[in-house]
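Data first, discussion second: the structure below is written as structure tokens.
Please read these numbers as outputs of a predicted model, since none were measured by experiment.
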Amino acid sequence: MMFSRRDLITTGSALTAATLVTGATASAHARSMPPAADPITALPPTDLTPDQALALLRQGNAAFLRGEQPQVLPNPRRRLEMAAGQSPFAAYVTCSDSRVPPELLFGRGLGELFIIRNAGNTVDTVALGSIEYAVAVLGVPLVVVMGHESCGAVKAATEVVTDNATFPGSIGPMIEPIIPAVLAARGEDGDLLNNAIRANVRRVVRQLRQHTDPLLLEPQREGRLKVVGAYYDLNDGSVDFFDLP
């Protein structure tokens with residue numbers, strides 16, 4: 001195919017114009033791009049003391065009782081920071097009961113509470129290892145063990161003691177660790193179930209304060225960690241931190 005001088009000049013001009021337009025567009029796009037964000041790094045461990053962490057929980061429950069719902073959804077950057085690493089300020093051991101969600105009771109959001117839940121808030125090997133990880137690796141200054149009103153696991157344990165009841169499957173072995181708390185509560189005045197629920201909390205708290213690994217004992221001796229016991233009232237929504245060191 002033959003091209004005339006005029007054809008070549010026209011084609012060359014068009015290519016030059018296209019190049020200029022493309023270059024200008026790319027330049028404008030580059031100018032419109034936001035500056036690169038700071039690199040996302042993991043959040044550092046909390047610097048709260050045990051008492052400050054407990055005060056945050058008290059304040060959150062007070063807000064819950066007032067019907068306040070704080071804004072706890074994280075922004076995108078906060079989510080990325082939490083994806084890089086977590087920094088909760090408390091480890092929370094409580095019951096699996098659907099009516100006892102710690103984040104809601106204390107107005108906390110993602111990444112703030114390291115929660116261990118099972119029926120009857122007992123501490124077996126898995127739960128204990130989880131608590132030790134929260135303290136030794138994540139640096140939480142506070143461990144809370146919380147029972148609650150009308151706990152079904154403790155109720156079953158009381159029925160074993162008072163009525164020689166038996167339960168199918170793994171339910172029986174699951175509630176066995178609670179039975180000593182029921183036996184300890186039998187001589188107390190008042191309602192056996194409520195007394196047993198609190199006795200069960202005290203039993204677990206005593207285990208974590210006295211009969212556990214140096215991973216938990218040393219930071220308690222040094223004042224960097226506290227283990228406290230609590231009771232949640234289903235009727236009024238209040239949390240009573242009744243067992244303090």
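Judged purely by atom type and a 3.5 angstrom limit, N200 has no side-chain atom pairing as donor or acceptor with the backbone of A196. Under a 3.5 Å cut-off, the side chain of R117 and the backbone N or O of C95 do form a donor-acceptor pair. The main-chain N or O of L208 is found under 3.5 Å from a side-chain atom of Q220 such that the two form a donor-acceptor pair. In this structure, the side chain of R209 engages the main chain of V227 through a donor-acceptor pair within 3.5 Å.
Smallest separation of non-hydrogen atoms from P219 and P214: CD-O, 3.7 Å. Residues A181 and A199 share a closest heavy-atom pair of O-CB, 3.6 Å. Taking all atoms of both residues into account, the shortest heavy-atom contact from I197 to S150 is CD1-N, 3.8 Å. Heavy-atom minimum distance, N194 versus D191: N-OD2, 2.9 Å. When all heavy atoms are compared, the tightest approach of F241 to A230 is CD2-CB, 3.7 Å. Pairing each heavy atom of P102 with each of T94, the nearest pair is CG-CG2, 3.7 Å.
Residue F89 holds its CZ atom at 11.5 Å from OG1 of T49, rounded to the nearest 0.5 Å. The structure places CD of E112 at 9.5 Å from CG of L57, a figure rounded to the nearest 0.5 Å. One finds the CG atom of D240 at 9.5 Å from the OH atom of Y231 (value rounded to the nearest 0.5 Å). Rounded to the nearest 0.5 Å, atoms CG (L113) and CD1 (I115) are 5.0 Å apart. L216 CG to Q210 CD: the interatomic distance, rounded to the nearest 0.5 Å, is 13.0 Å. Distance check: F64 CZ to F106 CZ gives 9.5 Å after rounding to the nearest 0.5 Å.
In summary, the side chains of E149 and N235 do present a donor paired with an acceptor at a separation below 3.5 Å, with no hydrogens or angles considered. No side-chain donor-acceptor contact under 3.5 Å links N61 and Y232.
Through ILVMFWY side-chain contacts below 4.5 Å, L217 is grouped with nothing and stands alone.
Follow the hydrophobic side-chain contacts under 4.5 Å out from V205 and you reach L225 in the same cluster. The hydrophobic cluster containing Y92 does not contain L110, counting ILVMFWY residues as joined when their side-chain heavy atoms lie under 4.5 angstrom apart, directly or transitively. Hydrophobic clustering of Ile, Leu, Val, Met, Phe, Trp and Tyr side chains at less than 4.5 Å, counting indirect connections, keeps V228 apart from I116.
Taking a cutoff of 4.0 Å between a charged side-chain nitrogen and a carboxylate oxygen, D51 and K226 qualify as a salt bridge.
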Show which side-chain atoms of residues 124-148 pair as donor or acceptor with protein atoms under 3.5 Å away, not counting sequence neighbours.
residue : atom : partner : partner atom : Å
D124    : OD1  : V126    : N            : 3.2
D124    : OD1  : A127    : N            : 2.9
S130    : OG   : V126    : O            : 2.9

Can F242 and R202 be said to form a side chain to side chain contact (heavy atoms under 4.5 Å, CB included), step by step? CA-CA 9 Å; F242 71 92; R202 286 193 292 267; 3.7 Å; yes

Go through L65 and S238 one step at a time and tell me if the side chain to side chain contact (heavy atoms under 4.5 Å, CB included) criterion holds. CA-CA 7 Å; L65 294 178; S238 64; 4.1 Å; yes

Do R206 and D243 pass the side chain to side chain contact (heavy atoms under 4.5 Å, CB included) test, and can you show the C-alpha distance, the side-chain angles, and the key distance before you say yes or no? CA-CA 10 Å; R206 184 169 60 249; D243 190 342; over 6 Å; no

V160 and N164: CA distance, side-chain angles, deciding distance, side chain to side chain contact (heavy atoms under 4.5 Å, CB included) verdict: CA-CA 4 Å; V160 171; N164 200 28; 5.5 Å; no

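Each of N195, L193, T158, I175 was evaluated against V182; a single residue qualifies, T158, per the side chain to side chain contact (heavy atoms under 4.5 Å, CB included) test.
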